There are 2 protein chains.
Amino acid sequence: MELQLQIKMNKKLFLRDPEQTELGKKIIQHSIEVINKNGFEAFTFKKLAEDINSTEAGIYRYFENKHKLLMYITSWYWSWLEYRIMIHTLNVKDPVVKLKKVIQLLTATVEDDINTSHINENNLHQIIIAEGSKAYLTKHVSADNKDQFFKPYKDLCAKVGEIIQECNPAYKYPKSLSSTIIEMAHFQNFFMNNLPALTDFGKEDDTKVIAYLEDLVFSAIK
Amino acid sequence: MELQLQIKMNKKLFLRDPEQTELGKKIIQHSIEVINKNGFEAFTFKKLAEDINSTEAGIYRYFENKHKLLMYITSWYWSWLEYRIMIHTLNVKDPVVKLKKVIQLLTATVEDDINTSHINENNLHQIIIAEGSKAYLTKHVSADNKDQFFKPYKDLCAKVGEIIQECNPAYKYPKSLSSTIIEMAHFQNFFMNNLPALTDFGKEDDTKVIAYLEDLVFSAIK
DNA sequence: ATTATGAGATAGTAATACTATCTTTATGAA
DNA sequence: TTCATAAAGATAGTATTACTATCTCATAAT
C-alpha cells in the first residue's frame, strides 16, 4: 500500500496550484530552504528563481507575493500538525495522555515525513519558529482572516482547546491556553537557541521545554 | 518640582542621539505614529520624512536603518516598563502583590506618561503588541544580542523572574514563565482584537486577559 | 490540426534602501 | 566681529525589490 498525503489548501492563497506541477513543487520545496537559510525579510522571488533555475515571473504565476507564500507554507504546517495530532491520538481515551502527546508534537524536533516528498518538515518547523508569527502580525490580518487564511491555525487551536476541556470542563480559558501552548512551544525554542537569558533551558533541549509546558498546562487545569 | 524622565539608550542603536535634538525627537515621535498607523513593513524613512517635513537623508543621520529604529523604540518601551514596575512595587513586601501588579502593568492599556513629552505611550504599546517580536525574529538576532540590543527586554524578564522566585523559590522555570507572561500579555491582546477564535476574550477587554494570566501564573507557582 | 497549458526569456517601471555631496543656518567661543 | 562647527535642508544618484507585461516555445489533450 502506497499513500500520498495531500493537504487541501485554501485556493485564494495561490494563483496556480503549486501541488499540480513540477515547478510548483520546486517553488514550495526551495522556498522552505531559502527562507530558512536567509530569513523571510531577505527572501525574494528573484533569489528563489535563481535557486531553482527558473525565472522571477515564473514564480509570480503561482503566488501573488512572498507574504501569500509564507501564509501558504505556514497553513500547510498547521494542517499537517493537526493531522499528526489526529493520528497520534486516535484510540487514545485519556485526554491527559492526548494533551501530553499534543505538547510533544508541538515542541519536539520533527523527523522528515516520508509521505510528503518535496517538503522538508524539519526546515519547515524552523520557519514556523522564526517566521510563523509574521504571517499574521500585519495590518491586513483582519482581511486575511476573512479570506480564511488562518483557518488551519484556528482549527488546530480549537482542537487543542477541546482536549483541554475534556481534561477539565470547568476550565475557563481553553482557547487562550491553547494558543499560549502553541506559541510558547515555538517561542521558548527560539529563545533557548537565540536569547537564552529568556529561558531556563540549554541549547537544543526540547525535553525541558516539554516539561515546562506540561507543568504549566496541568497546573492550570488542575 | 519638575521632573523629566530620561532613559539611557544603547549608543550603538543610533548614529546621532535623537534625544539631543529637535529633529531627533520628532523622528521618534512620528515614527511611533507612522509605524502604528501603517505597520512596520509599510514604514519607510521617506514616508516618515514627508510626515515631519524633513528629508530621508536627514533621518539616516540618526538611524542606520528602520530595524535599528524599531529596536530603539522597543528597547525604550521595555526600559520604561521596568521603570514603571519599579515605581509601582516600591515598598511592596508581598511578592504575590508585586507579581499581580506586574501582570496588570504588562497587560492594561497605558495612560499617556506626562514625564515623556514626545512619546505617546499608548501608540507605543500598540507597536509592541503588533511589531515587538519582529525586533528579534531575525537572522541577525545573535549579533544584535552581542551588541546588547535586547538588554532592556532581558532585564525586565530577569526582574519578573526574580519576583516569581520570591513567590516560590522552588519553582523550576522562573525565566521561561516570565517570558511567557510578557509575550502572552501582548499576543493575547493581539488575538482578541484580530483573531478572536484564538482567545476566550471579547474585544478590548484587558481585565479578562489579566484574570487569565493571573490564573496561569499562580497555578504554576502554586 | 487546433488549442490550451506550463514555463522560459526578456523588458520595463515604481518604489525601496540606501550613500554622497553641497549649501544654509544657528550657536557659541576666541 | 570673526571663525569654527554642528544640525539639517536640498539634491542627486545607485542597486535592489516588487512587481507587470509580452512574446515564444514545447507538450499534451481534443
Side-chain angles (χ1 to χ4, degrees), chain A residues 9 11-31 34-35 37-73 118 131 134-135 138-140 143-144, chain B residues 9 11-31 34-35 37-73 118 131 134-135 138-140 143-144:
Chain A
M9 301 298 293
K11 284 192 168 122
K12 280 191 161 183
L13 278 172
F14 51 78
L15 301 169
R16 179 177 296 174
D17 187 353
E19 289 293 333
Q20 297 306 313
T21 65
E22 275 314 300
L23 179 60
K25 283 182 217 165
K26 267 174 117 181
I27 289 171
I28 301 303
Q29 185 191 345
H30 285 82
S31 66
V34 179
I35 292 174
K37 199 172 164 215
N38 307 316
F40 185 64
E41 281 73 37
F43 170 74
T44 69
F45 280 2
K46 187 158 196 202
K47 287 178 201 158
L48 175 60
E50 279 158 24
D51 203 65
I52 56 182
N53 275 306
S54 180
T55 60
E56 212 185 347
I59 295 162
Y60 275 105
R61 288 200 192 94
Y62 284 82
F63 292 98
E64 221 180 304
N65 53 53
K66 70 176 187 168
H67 190 258
K68 285 262 167 72
L69 176 52
L70 180 66
M71 290 197 289
Y72 182 95
I73 63 180
H118 60 292
E131 324 286 353
K134 294 172 193 169
T138 69
K139 284 286 159 182
H140 44 91
D144 289 345
Chain B
M9 301 297 295
K11 285 196 168 114
K12 282 192 162 183
L13 279 173
F14 52 77
L15 301 169
R16 178 177 297 175
D17 187 353
E19 290 293 333
Q20 298 305 313
T21 65
E22 278 312 301
L23 179 61
K25 284 181 215 165
K26 267 174 115 181
I27 289 171
I28 301 303
Q29 185 190 344
H30 286 80
S31 65
V34 178
I35 293 174
K37 198 173 165 217
N38 308 315
F40 186 64
E41 282 73 37
F43 170 75
T44 70
F45 279 2
K46 188 158 195 201
K47 287 177 200 161
L48 175 61
E50 279 158 25
D51 203 65
I52 58 182
N53 275 306
S54 180
T55 60
E56 210 185 349
I59 295 163
Y60 276 105
R61 286 201 192 95
Y62 285 81
F63 292 98
E64 222 179 303
N65 52 53
K66 69 176 187 170
H67 190 256
K68 285 260 168 72
L69 176 52
L70 179 66
M71 290 196 291
Y72 182 94
I73 63 179
H118 62 292
E131 324 287 352
K134 293 171 193 170
T138 69
K139 284 286 158 183
H140 45 90
D144 289 345

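Being a predicted model, the structure only gives us computed values, none of them experimental.
- Here the side chains of B/His118 and B/Glu22 are not in contact, with every heavy-atom distance at 4.5 Å or above.
- Look at CD on A/Gln20: it is 13 Å from C1' on C/dG6, rounded to the nearest Å.
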Step by step, would you call A/Leu69 with A/Ile28 a side chain to side chain contact (heavy atoms under 4.5 Å, CB included)? CA-CA 8 Å; A/Leu69 176 52; A/Ile28 301 303; 4.1 Å; yes
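- Scanning for ring pair (Phe, Tyr, Trp, His ring centres under 6.0 Å) contacts around A/Tyr62 gives an empty result, with sequence neighbours left out.
- Applying the salt bridge (Lys or Arg N to Asp or Glu O under 4.0 Å) test to residues at least two apart or on different chains, the pairs with a partner in residues 40-63 of chain A are A/Glu41-A/Lys134.
- The CE atom of B/Met9 sits 9.5 Å away from the CD1 atom of B/Ile73 when rounded to the nearest 0.5 Å.
- At whole-Å resolution of the value, CD in A/Glu22 and P in C/dG8 are 11 Å apart.
- Within residues 50-59 of chain A, the residues having any heavy atom under 4.0 Å from DNA chain D are, by residue number, A/Glu56, A/Ala57.
- Put simply, CG on A/Asp17 is 12 Å from P on C/dA7, counting in whole angstrom units.
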Report the C-alpha distance between A/His30 and A/Leu48 in whole Å, list the side-chain angles of each, state the deciding distance to 0.1 Å, and finish with yes or no for side chain to side chain contact (heavy atoms under 4.5 Å, CB included). CA-CA 7 Å; A/His30 285 82; A/Leu48 175 60; 3.7 Å; yes
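- For B/Thr55, the side chain to side chain contact (heavy atoms under 4.5 Å, CB included) partners two or more places apart in sequence, or in a different chain, are B/Ala57.
- The stretch residues 37-48 of chain A touches DNA chain D through A/Thr44, A/Lys47, each having a heavy atom within less than 4.0 Å of the strand.
- Computed from coordinates, the A/Phe63 CZ to C/dA7 P distance equals 13 Å when rounded to whole Å.
- Taking the six-membered ring where tryptophan is involved, the planes of B/Phe43 and B/Phe45 are perpendicular, since the angle between them exceeds 60° and thus also 30°.
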Verdict with reasoning, B/Lys66 to B/Thr44, per side chain to side chain contact (heavy atoms under 4.5 Å, CB included): CA-CA 7 Å; B/Lys66 69 176 187 170; B/Thr44 70; 5.5 Å; no
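- In summary, contact between chain B and DNA chain D, defined as any nucleotide atom under 4.0 Å from a heavy atom of the protein, begins and ends at D/dA7 to D/dT11 in the 5' to 3' direction.
- Put simply, the side chain of B/Pro18 reaches to within 4.5 Å of the side chain of B/Tyr72, judged on heavy atoms.
- Within 4.0 Å (heavy atoms only), A/Arg61 reaches at least one base atom of the nucleic acid.
- Here the side chains of B/Asn65 and B/Lys68 are in contact, with some heavy-atom distance below 4.5 Å.
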